[in-house]
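Keep in mind that this is a model prediction, so the values were computed, not measured. Quick note: residue numbers are just sequence positions, from 1.
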Amino acid sequence: MSRRLSLPPARRAWLDVALRVTAAVLGGYVLTYAATAALARLLPLARFDAAMVATLLSFALYTGFVLWAFATASVRRVWLGIALSLPLAAVGFWQVWFGGAS
């Protein structure tokens, strides 16, 4: 049985904002970093061009994620979105972690 945190409404609002800010800043960074690495590996361009395109797209992705973090109805959805982005890190860093790729 789950127990809900019983806080006064003002403190609950502050906690909600703090969790959204943390998710937007730290979670957005993790999501953007993972997506940039995955895009740099997956784009069918030369290595430099793929890295440049992925980096330029990362600015729009980070901005979109921060906006979404504050626009979504629930903080749980934001953290779930961050958790679901972890496979992007596996795609982007697979060869570095498990293989001897350059």
Taking all heavy atoms of [X] and all of [Y], pick out the closest pair and write down the distance.
X   : Y   : result
Y29 : Y62 : N-CE1, 3.4 Å
L45 : A50 : CB-N, 3.9 Å
A40 : A51 : CB-CA, 4.2 Å
S58 : T36 : CB-OG1, 3.1 Å
A24 : A69 : CB-CB, 3.9 Å

ILVMFWY cluster, [X] and [Y] together (side-chain gap under 4.5 Å):
X   : Y   : result
L67 : L31 : no
L15 : V75 : yes
V53 : Y33 : no

Practice problem: Name the orientation class of the two ring planes belonging to W68 and F65 (parallel below 30°, tilted from 30 to 60°, perpendicular beyond 60°). | Solution: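 W68 and F65: tilted rings.
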
Hey, is CZ on F70 packed in by over 12 heavy atoms from elsewhere, all under 6.0 Å?
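It does: F70 CZ has more than 12 such atoms within range.
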
Quiz item: Checking S85 side chain against I82 main chain: does a donor-acceptor pair fall under 3.5 Å?
Solution: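 Indeed, once roles are kept as given, a pair shorter than 3.5 Å links the two residues.
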
**Asked** Has the side chain of R20 got a donor or acceptor atom that lies under 3.5 Å from a matching backbone atom of T72?
**Response**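 At least one qualifying donor-acceptor pair exists.
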
- request: Hydrophobic side-chain clustering at under 4.5 Å (ILVMFWY, transitive links): who's grouped with F48? Put none if nobody.
  value: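 Joined to F48, directly or through intermediates: M52, L56.
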
Restricting to side chain to side chain contact (heavy atoms under 4.5 Å, CB included), what partner residues turn up for L39, sequence neighbours left out?
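Partners of L39 by the side chain to side chain contact (heavy atoms under 4.5 Å, CB included) criterion, ordered by chain and then number, come out as L43, A54, L57.
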
